[in-house]
2 protein chains.
Amino acid sequence: MMSKHAKEMGVLKEHLGKHQLKFTRQRELILDAFLKQEHITAEAMYHQLARKDPHLGLATIYRTLNLFCEAGLAQARHFGTQTQYDNVSHKGHHDHLICTGCGKIVEFENCDIERLQEEVASRNGFTIQTHRLELYGLCSRCRH
Amino acid sequence: MMSKHAKEMGVLKEHLGKHQLKFTRQRELILDAFLKQEHITAEAMYHQLARKDPHLGLATIYRTLNLFCEAGLAQARHFGTQTQYDNVSHKGHHDHLICTGCGKIVEFENCDIERLQEEVASRNGFTIQTHRLELYGLCSRCRH
DNA sequence: TATTTTTTTGAGATGGTTTATCAATTTCAA
DNA sequence: TTGAAATTGATAAACCATCTCAAAAAAATA
């Protein structure tokens with residue numbers, strides 16, 4: 001039977017192949033764990049995986065999560081003092097409205113905004129690979 | 001003659017007064033330098049001010065920029081691995097195009113995108129305080 | 001103005017996160 | 001199975017930001 005994460009595993013393997021990198025037990029383990037999360041820090045993943053493999057090093061977690069970023073499976077986001085690694089397959093193309101009062105997060109998608117982003121990019125000679133849009137404010141309940 | 005930054009200096013003094021803090025030569029010097037920038041890191045300001053005052057400490061820069069944030073004159077933003085202190089008095093909010101190849105950063109501003117953001121927010125009952133838009137991709141040079 | 005009190009400063013130590021180093025191990029193609 | 005090449009784990013190092021504390025400066029008081 002195929003893994004639950006066959007598609008992402010394929011993306012990873014393709015990236016590895018293109019860059020003369022190797023498919024290892026650790027990379028498989030970390031990807032499996034990563035895909036179950038919406039976002040996670042390296043430290044949190046380190047502790048979470050300590051049970052499955054007590055010898056898995058923190059450096060390997062960092063290296064691997066950064067590898068996932070290069071492969072387009074993850075996206076790093078600096079949050080406070082730590083780095084959050086977002087699961088791109090969960091997030092899809094969704095942007096976020098974040099309430100600074102209660103922390104509520106509302107996802108949205110807006111084609112017009114995306115189109116304008118493309119316009120801005122091409123006007124500057126850029127080809128967009130990914131983007132991040134976060135709107136911070138107060139939700140209706142917190143405004144009162 | 002009045003300083004070029006009389007208004008912001010007033011905001012600072014008011015904040016200091018309200019919190020039993022003192023108006024010092026260093027705070028004045030740092031505010032003057034800060035207001036000339038659109039955004040800056042503590043480290044960059046440290047080097048920039050080293051000529052004017054070689055004994056000005058890095059800790060003081062950090063303390064003072066954080067103070068400006070509390071006073072509403074600056075806004076801290078985690079960008080890459082460092083913290084950028086944005087000058088709030090510069091009206092236009094600047095978004096960023098970031099090259100994943102060479103790290104080049106191009107600032108832009110787009111009224112249409114901002115208007116659409118407001119629309120999305122109000123449709124969801126939110127009032128926007130601030131936002132963050134980053135487009136990641138390859139610049140023309142890195143694409144080849 | 002002189003004195004006292006309170007806050008700030010500078011220099012370096014410290015703390016927390018991420019990356020670099022390198023010998024030993026693992027992968028993978030021949 | 002063998003050997004070249006990449007990866008790993010442990011830890012050192014780098015890095016950014018904050019903390020510490022004696023000395024200095026600023027405001028309050030006399």
Side-chain angles (χ1 to χ4, degrees), chain A residues 9 12-31 33-34 39-71 74-86, chain B residues 9 12-34 39-71 74-86 103:
Chain A
M9 209 59 84
L12 175 60
K13 284 185 176 170
E14 189 175 357
H15 179 84
L16 295 176
K18 275 183 187 163
H19 295 81
Q20 298 170 259
L21 304 175
K22 292 173 176 174
F23 186 73
T24 66
R25 185 179 59 76
Q26 288 89 340
R27 285 174 177 167
E28 182 176 18
L29 180 69
I30 295 171
L31 181 56
F34 176 69
H39 52 76
I40 194 167
T41 64
E43 194 75 31
M45 174 154 285
Y46 178 63
H47 288 116
Q48 189 176 305
L49 288 179
R51 266 173 281 161
K52 283 198 172 180
D53 182 351
H55 293 293
L56 191 59
L58 183 57
T60 300
I61 308 266
Y62 274 106
R63 279 188 293 238
T64 305
L65 289 172
N66 287 334
L67 173 70
F68 293 169
C69 289
E70 283 153 28
Q75 200 172 316
R77 183 166 43 94
H78 299 277
F79 192 77
T81 118
Q82 295 199 130
T83 300
Q84 289 279 344
Y85 290 87
D86 292 354
Chain B
M9 208 60 82
L12 175 61
K13 283 184 178 170
E14 190 177 355
H15 179 85
L16 296 176
K18 275 184 190 163
H19 296 80
Q20 297 168 257
L21 304 174
K22 294 174 177 176
F23 185 74
T24 65
R25 186 179 58 76
Q26 288 89 341
R27 285 173 177 167
E28 181 175 19
L29 180 69
I30 294 170
L31 181 56
D32 251 333
F34 176 69
H39 51 74
I40 194 166
T41 64
E43 195 77 30
M45 174 155 284
Y46 178 64
H47 288 115
Q48 188 177 306
L49 289 179
R51 267 172 282 162
K52 285 197 171 178
D53 182 351
H55 293 294
L56 189 59
L58 183 56
T60 300
I61 308 265
Y62 274 106
R63 279 189 292 238
T64 306
L65 288 173
N66 287 334
L67 173 70
F68 293 170
C69 289
E70 282 154 28
Q75 200 172 311
R77 185 165 45 91
H78 297 279
F79 194 81
T81 122
Q82 296 197 134
T83 301
Q84 289 280 344
Y85 291 86
D86 292 355

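Just so it is clear: chains get the letters A, B, ... in the order the sequence lines come, proteins before strands, and each one is counted from 1.
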Heavy-atom closest pair, residues Ile40(A) and Gln84(A) = N-OE1, 3.6 Å

With a 4.0 Å cut-off on heavy atoms, is Thr81(B) in touch with a base, just the backbone sugar-phosphate, or nothing at all?
-> sugar-phosphate

If you pin Glu43(A) and Leu21(B) to their nearest nucleotides in DNA chain C, which one's is more 5'?
-> Leu21(B)

In short, Ala76(A) meets Cys69(A) closest at the heavy-atom pair N-SG, 3.7 Å

With five pairs defining each end axis, the helix from dT1(C)-dA30(D) to dA30(C)-dT1(D) comes out bent, to 10°, by 30°

Side chain of Lys22(A), base of dT26(C): donor and acceptor closer than 3.5 Å?
-> no

Using a heavy-atom cut-off of under 4.0 Å over every strand shown, decide if Leu58(B) touches base, sugar-phosphate, or nothing.
-> nothing

Under 3.5 Å, which donor-acceptor pairs do the side chains of residues 55-63 of chain A form with other protein atoms, sequence neighbours left out?
residue  : atom : partner  : partner atom : Å
Thr60(A) : OG1  : Arg63(A) : NH2          : 3.3

What's the CG-C1' distance between Leu29(A) and dT26(C), to the nearest Å?
-> 15 Å

At under 4.0 Å, does any side-chain N or O of His55(B) touch on OP1 or OP2 of dA11(C)?
-> yes

In whole angstroms, the gap separating C1' of dT9(C) from CG of Leu65(B) amounts to 15 Å

On DNA chain D, check which nucleotide each of Tyr85(B) and Arg27(A) is closest to and give me the residue with the more 5' one.
-> Arg27(A)

Could you check how far CZ of Arg25(B) sits from P of dT9(C), rounded to whole Å?
-> 9 Å

Nucleotide dT17(C), atom P - distance to CD1 of Ile61(A) in whole Å = 15 Å

Of Gln20(B) and Ala59(B), the one whose closest DNA chain C nucleotide lies more 5' = Gln20(B)

From the candidates dT21(C), dG10(C), dT18(C), the one with an atom nearest any side-chain atom of Arg63(A) is dT21(C)

Return yes if some donor-acceptor pair links the side-chain N/O of Arg27(A) with the main-chain N/O of Lys22(A) below 3.5 Å, else return no.
-> yes

With a 4.5 Å limit on heavy-atom distance, are the side chains of Tyr46(A) and Thr41(A) in contact?
-> no

State whether Thr60(B) places a side-chain N or O below 4.0 Å from either non-bridging phosphate oxygen (OP1 or OP2) of dG10(C).
-> yes

Please report, rounded to the nearest Å, how far the P atom of dT27(C) is from the CG atom of Leu12(A).
-> 14 Å

First and last nucleotide of DNA chain D in contact with chain B, 5' to 3', at under 4.0 Å to a heavy atom: what are they?
-> dC16(D) to dA27(D)

What's the spacing between Tyr85(A) OH and Phe34(A) CZ if we round to 0.5 Å?
-> 9.5 Å

Is any side-chain heavy atom of Gln26(A) less than 4.5 Å from a side-chain heavy atom of Thr64(A)?
-> no

